[in-house]
Amino acid sequence: MFHKVIILSLGIFALTGCDAQKKSKMNTKATEMPASTKTTSTSNQQDGILYLSEGENKFLREYQMNVTFKGVSEDSRCPEGANCIWAGVALAQVEVMGTSTRPMILNLASADYPGRNYHQSAEFNGYILTLQDVTPTPKSQDGAKALSGKYKIGITIKKVNPSTDSTKK
């Protein structure tokens, strides 16, 4: 009988410990919400270009879309003060999520090179997102690795034009 009481009490302590862990996880998740989340309308854009810093997240109410600049995965652009054969590209990773869609990472390049699978624009949820600007440019003495975490991009978002099919009226 004594063993049953000990086993039962250990079971109760284990279950209350699990509940306490769940509550502490919920509290840390609430405090870890990104402080850089902003709600933006097109009035915050300059010349129709939306600027994002690396790691920045914005909810665009007009497009019902959340946009996060994850970072630059590749930067082969020609450094300032260097003579290059190829201009190179910067490949920005932009995570987009509509209000009723799953998140999707778009790889947007600073220039179109279809042969190398670099595309400046990508379609998501009825909109075309286009990478317009990537700053800063690499310096010849530091290279692109020194710029990690310091990138800023400019993107434009336009509604996809409906198909002009002659069979529809």
Side-chain angles (χ1 to χ4, degrees), residues 29 31-169:
K29 284 183 181 177
T31 58
E32 289 176 3
M33 289 297 286
S36 63
T37 302
K38 299 177 184 174
T39 301
T40 306
S41 64
T42 50
S43 61
N44 291 10
Q45 300 176 5
Q46 299 172 0
D47 300 325
I49 299 176
L50 173 68
Y51 290 96
L52 296 165
S53 298
E54 198 164 346
E56 188 175 3
N57 176 21
K58 289 187 181 179
F59 180 76
L60 307 173
R61 192 173 307 165
E62 179 181 344
Y63 306 110
Q64 291 297 300
M65 180 186 312
N66 194 47
V67 180
T68 306
F69 173 36
K70 292 291 195 179
V72 173
S73 61
E74 177 183 332
D75 193 354
S76 62
R77 295 177 295 166
C78 187
E80 289 179 358
N83 292 327
C84 300
I85 297 170
W86 184 51
V89 300
L91 193 62
Q93 291 185 325
V94 179
E95 183 181 78
V96 289
M97 182 173 68
T99 53
S100 60
T101 62
R102 291 179 179 244
M104 180 178 177
I105 293 184
L106 305 175
N107 289 310
L108 301 176
S110 57
D112 269 324
Y113 292 106
R116 294 186 179 211
N117 202 23
Y118 292 137
H119 303 284
Q120 196 171 2
S121 299
E123 187 177 330
F124 175 76
N125 216 20
Y127 294 96
I128 294 179
L129 287 83
T130 305
L131 182 64
Q132 300 293 336
D133 189 25
V134 179
T135 55
T137 13
K139 306 267 189 263
S140 57
Q141 65 271 17
D142 297 332
K145 287 185 180 181
L147 300 177
S148 181
K150 299 175 185 172
Y151 284 104
K152 285 186 132 185
I153 62 167
I155 59 171
T156 55
I157 303 173
K158 297 193 178 186
K159 184 87 171 148
V160 174
N161 291 334
S163 165
T164 54
D165 191 357
S166 60
T167 58
K168 294 180 182 177
K169 288 189 178 186

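None of the values given here were measured: they were computed from a predicted structure.
- With Ile153 as the fixed residue, the side chain to side chain contact (heavy atoms under 4.5 Å, CB included) test singles out one of Leu50, Asp133, Leu52: Leu52.
- Taking every heavy atom of both residues into account, Tyr151 and Pro136 meet most closely at CE2-O, 4.0 Å.
- Between the CD1 atom of Ile157 and the CE atom of Met65 there is a distance of 5.0 Å, given to the nearest 0.5 Å.
- Panel note: side chain Lys58, backbone Tyr51; a donor-acceptor pair is recorded below 3.5 Å.
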Q.
Could you walk me through whether Val134 and Arg77 satisfy the side chain to side chain contact (heavy atoms under 4.5 Å, CB included) test, starting with their C-alpha distance in whole Å, then the side-chain angles of each, then the deciding distance to 0.1 Å, before giving a yes or no?
A. CA-CA 10 Å; Val134 179; Arg77 295 177 295 166; 3.8 Å; yes
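- In this structure, Tyr118 has no ring pair (Phe, Tyr, Trp, His ring centres under 6.0 Å) partners at least two apart in sequence or on a different chain.
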Give every donor-acceptor pair under 3.5 Å between a side-chain atom in residues 120-127 and any protein atom, sequence neighbours left out.
unit_1: Gln120; atom_1: NE2; unit_2: Leu131; atom_2: O; d: 2.8
unit_1: Ser121; atom_1: OG; unit_2: Thr130; atom_2: OG1; d: 2.8

Q) Would His119 and Tyr113 satisfy side chain to side chain contact (heavy atoms under 4.5 Å, CB included), going step by step from the backbone distance to the final call? A) CA-CA 6 Å; His119 303 284; Tyr113 292 106; over 6 Å; no
Contacts under 3.5 angstrom, residues 87-111 side chains, donor-acceptor by atom type, not counting sequence neighbours:
unit_1: Thr101; atom_1: OG1; unit_2: Gly98; atom_2: N; d: 2.7
unit_1: Ser110; atom_1: OG; unit_2: Ala90; atom_2: N; d: 3.0

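- Taken to the nearest 0.5 Å, the SG atom of Cys78 stands 10.0 Å off from the CD1 atom of Ile85.
- Put simply, CG on Leu129 and NZ on Lys158 are 11.5 Å apart, with the number rounded to the nearest 0.5 Å.
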